[in-house]
Amino acid sequence: MAERTTVRRALAMAGLAPIDAQVLLAHVLARDRAWLVAHATDSLDGADVAAFERLARLRRDGEPVAYLTGRREFWGLDLAVDRSVLIPRPETETLVECALRKLPSESAVRVLDLGTGTGAIACAIARERPRATVVASDRSRTALEVARRNARDLRLDGVQFVEGDWLDAVENAAAFDVIASNPPYVAANDPHLAEGDVSREPVAALVAGSDGLAALRRIIAAAGAHLSPGGWLVVEHGHDQAAAVRGFLAGAGFAELESHRDLAGIPRVAAGRWP
Ligand code: GLN
């Protein structure tokens with residue numbers, strides 16, 4: 001008879017970082033990680049062991065955990081993710097915080113999320129500002145399907161989705177109080193693209209020209225025409241791009257420039273006010 005596979009043994013034999021093994025086994029068993037701790041000596045069904053071993057192998061081969069489970073938490077929201085979208089990152093919560101500070105909670109503000117991907121930013125803002133009109137754009141139709149599904153599953157039915165390239169996706173007359181974006185900002189030759197999770201994520205969500213600034217340049221140049229007077233543009237950028245982004249914002253006519261650090265202490269978000 002084959003040796004009994006307990007929860008503890010399956011986790012220990014997976015050859016993964018403990019957190020990854022726990023998330024994947026919890027996913028297979030449709031339990032949470034606390035359950036695994038409380039049931040460490042329970043025996044597993046053969047089918048569950050096989051399903052877990054399959055996921056563990058894919059993970060060892062480099063597949064991101066979020067693509068294997070199809071889920072990632074962002075701003076306390078449980079989001080669906082797949083290979084057509086960037087996996088939401090904690091640093092993007094810094095951008096959401098900054099955008100929310102520009103949005104009074106009791107008024108019917110208008111917000112645009114450019115390049116929404118999973119819909120993470122749009123859904124987080126819609127959750128925090130129920131009276132806001134939130135529009136989310138993406139050039140990728142498959143990404144928009146993921147974002148629409150997330151908004152629907154989270155009952156954020158007011159979020160509107162539009163397909164298109166950056167500001168081309170919205171009408172000229174649409175005046176927003178806040179335009180937020182986490183655009184691609186990695187340089188095409190950045191060696192970091194070959195490593196870890198990013199090597200499996202959509203290139204279009206990561207890479208923006210030879211210097212990584214192509215999308216930011218374009219968004220910042222076009223955003224003013226779509227902002228209300230006194231409205232804010234809030235963008236995420238790379239660890240070494242704060243000065244460049246500030247220069248683009250000043251050059252495009254933005255005032256009251258701000259820079260915000262992420263939880264790792266890295267300048268990650270820039271904001272500017274349209275006069
Ligand atoms: N923060 C991501 C990374 O460096 C990049 C995301 C982006 O380009 N918006 O892995």
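We number each residue from 1, following the sequence as shown. Every number for a ligand or one of its atoms is a count from 1 in the order of the listing. Please read these numbers as outputs of a predicted model, since none were measured by experiment.
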Query - Any donor-acceptor N/O pair, Asp138 side chain to Leu144 backbone, under 3.5 Å - result: no
**Report entry** Within reach of ligand 1, part of Pro183 (heavy-atom separation under 4.0 Å)
**Finding:** backbone
Query - Close-contact set for ligand 1 against Leu206 heavy atoms, below 4.0 Å - result: 5 (C), 8 (O)
**Report entry** Flag for Trp232-Glu258: side-chain donor and acceptor within less than 3.5 Å
**Finding:** no
Report task. State whether the side chain of Arg129 and the backbone N or O of Leu103 hold a donor-acceptor pair below 3.5 Å, judged by distance alone. Result -> yes
Query raised in the report: What atoms in ligand 1 come closer than 4.0 Å to a heavy atom of Arg89?
Result: 1 (N), 2 (C), 3 (C), 10 (O)
Query - Cationic N near anionic O, under 4.0 Å, Glu256 to Lys102 - result: no
Requested in this report: Look at the side chain of Asp45 and the backbone N and O of Ala47, then say whether any donor-acceptor pair between them is shorter than 3.5 Å.
Outcome: no
Query raised in the report: Between the side chains of Glu236 and Thr92, is a donor N or O closer than 3.5 angstrom to an acceptor N or O?
Result: yes
Query raised in the report: Is it true that Glu201 lies under 4.0 Å from ligand 1, counting heavy atoms only?
Result: no
Query raised in the report: At a 4.0 Å threshold, what atoms of ligand 1 neighbour a non-hydrogen atom of Glu91?
Result: 1 (N)
Requested in this report: Could you walk me through whether Val269 and Glu97 pass the side-chain contact (heavy atoms from CB on, under 4.5 Å) test, one step at a time?
Outcome: CA-CA 10 Å; Val269 171; Glu97 278 170 12; over 6 Å; no
**Report entry** Donor-acceptor contact below 3.5 Å, side chain Arg273 vs main chain Gly230
**Finding:** yes
**Report entry** For His192, atoms of ligand 1 separated by under 4.0 Å from a heavy atom
**Finding:** 3 (C), 4 (O), 10 (O)
Requested in this report: Please confirm whether Pro184 comes within less than 3.5 Å of ligand 1 when only nitrogen or oxygen atoms on both sides are compared.
Outcome: no
Query - Which of the ligand 1 atoms, numbered from 1, are nearer than 4.0 Å to a heavy atom of Asn182 - result: 7 (C), 9 (N)
Query raised in the report: Has Ala205 got any heavy atom lying under 4.0 angstrom from an atom of ligand 1?
Result: yes
Requested in this report: Using a strict 4.0 Å cut-off to heavy atoms of Val198, name the atoms of ligand 1 that fall inside it.
Outcome: 10 (O)
Query raised in the report: For ligand 1, is there an N or O atom under 3.5 Å from any N or O atom of Tyr185?
Result: yes
